[in-house]
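Structure provided below as structure tokens; questions to follow.
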Amino acid sequence: QVQLVVSGGGSAQAGGSLRLSCAASGYTYSSNCMGWFRQAPGKEREGVAAIYRGDGSTYYADSVKGRFTISQDNAKNMVYLQMNSLKPEDTAMYYCAVDSRPCTVVAGRPYRYKYWGQGTQVTVSS
């Protein structure tokens with residue numbers, strides 16, 4: 001049974017930083033795409049970043065490029081999202097997800113991800 005456990009999040013001032021972690025277990029894919037998504041109240045879920053386990057290729061939404069960094073530790077089955085220079089518009093519930101297909105197929109498309117972790121709230125105040 002695939003399980004994704006998200007930790008981190010919380011509150012920060014604008015310009016501050018937060019780090020999210022996603023611990024994955026229960027699958028044996030040698031390659032997959034791990035993604036971070038977020039959803040603000042009344043808005044659709046949007047892709048934030050993704051990373052391909054196979055070669056570490058990364059993908060970012062334009063809104064977070066240069067501020068957020070996705071990384072992975074394959075030995076620990078962990079994926080991280082370092083969020084710097086936070087803005088109030090980054091406020092949302094953040095989720096991690098995984099799919100066995102390459103990021104070129106699923107990145108940024110929440111409906112294509114098979115497994116999801118629970119959300120963690122990120123609140124950025126001005």
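Side-chain atoms are counted along with the backbone in the values below, which use heavy atoms only and exclude waters and symmetry mates.
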Whether Glu44 side chain and Gln39 backbone form a donor-acceptor pair below 3.5 Å: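 No, Glu44 side chain to Gln39 backbone: no donor-acceptor pair under 3.5 Å.
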
Walk me through it: do Met83 and Leu20 pass the test side chain to side chain contact (heavy atoms under 4.5 Å, CB included)? CA-CA 8 Å; Met83 304 183 293; Leu20 305 182; 3.8 Å; yes

ring-ring contact (aromatic ring centres under 6.0 Å, His included) contacts touching residues 33-79 (sequence neighbours left out):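 Residue pairs with at least one partner in residues 33-79: Phe37-Tyr113, Phe37-Trp116.
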
Determine whether Lys65 and Asp62 satisfy the following criterion, salt bridge (charged side-chain N to carboxylate O under 4.0 Å, His left out), listing intermediate values before the conclusion. CA-CA 5 Å; Lys65 281 181 181 177; Asp62 288 342; 3.1 Å; yes

CG/Leu81 to SG/Cys22 distance, rounded to the nearest 0.5 angstrom?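 If we round to the nearest 0.5 Å, Leu81:CG and Cys22:SG are 10.5 Å apart.
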
I need the Lys43 NZ to Glu89 CD distance, nearest 0.5 Å.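 The distance works out to 8.5 Å.
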
Could you see if Val79 belongs to whatever hydrophobic cluster contains Val64? Use Ile, Leu, Val, Met, Phe, Trp, Tyr and a side-chain cutoff under 4.5 Å.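 Yes; Val64 is reachable from Val79 via cluster members.
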
My understanding is that only one of Leu86, Val124, Thr123 makes a side chain to side chain contact (heavy atoms under 4.5 Å, CB included) with Ser11; could you say which?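 Exactly one candidate clears the test, Thr123.
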
Spatial distance of atom NZ (Lys76) from atom OG (Ser21) [nearest 0.5 Å]: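 Going from the NZ atom of Lys76 to the OG atom of Ser21 covers 10.0 Å.
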
From CD1 (Ile51) to OG1 (Thr69), nearest 0.5 Å: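 One finds 10.0 Å between CD1 of Ile51 and OG1 of Thr69.
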
For Asp99, does its backbone N or O pair with a side-chain atom of Asn32 as donor and acceptor, under 3.5 Å?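 Pair absent, no side-chain N/O of Asn32 close to backbone of Asp99.
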
Hydrogens and angles aside, do Ser17 and Asn84 bring a side-chain donor and acceptor to less than 3.5 Å of each other?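 There is such a pair between these side chains.
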
Hydrophobic cluster identity match, Met78 and Met34, side-chain contacts under 4.5 Å: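 No: no chain of side-chain contacts under 4.5 Å links Met78 to Met34.
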
Lys NZ or Arg CZ of Arg38 over Tyr95 ring: under 6.0 Å, within 45°: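 The answer is no, since Arg38 fails at least one limit relative to Tyr95.
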
Can Val6 be reached from Val2 by stepping across I, L, V, M, F, W or Y side chains whose heavy atoms are under 4.5 Å apart?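 Val2 clusters together with Val6.
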
To the nearest 0.5 Å, what is the distance between CD (Gln82) and CD1 (Ile70)?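 The distance works out to 12.0 Å.
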
Could you tell me whether the side chain of Arg112 and the main chain of Gly108 form a donor-acceptor pair under 3.5 Å?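 Absent.
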
Shortest non-hydrogen separation from Pro102 to Cys33 and the atoms involved: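 Nearest heavy atoms, Pro102 then Cys33: C-CB, 4.0 Å.
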
Would you say Arg53 and Asn77 are linked by a side-chain donor-acceptor pair, where the criterion is simply a distance under 3.5 Å?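 Looking only at side-chain atoms, Arg53 and Asn77 do form a donor-acceptor pair, the distance falling under 3.5 Å.
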
How many angstroms lie between atom OG of Ser85 and atom CZ of Arg67, to the nearest 0.5 angstrom?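 Reported value, rounded in 0.5 Å steps: 7.0 Å.
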
Would you mind reporting whether Thr91 and Gln121 have side-chain heavy atoms less than 4.5 Å apart?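 In short, these two side chains touch, coming nearer than 4.5 Å.
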
Residue pair Gly47 / Ala61: nearest heavy atoms and the distance that separates them: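 Minimum heavy-atom contact is O-CB, 3.4 Å.
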
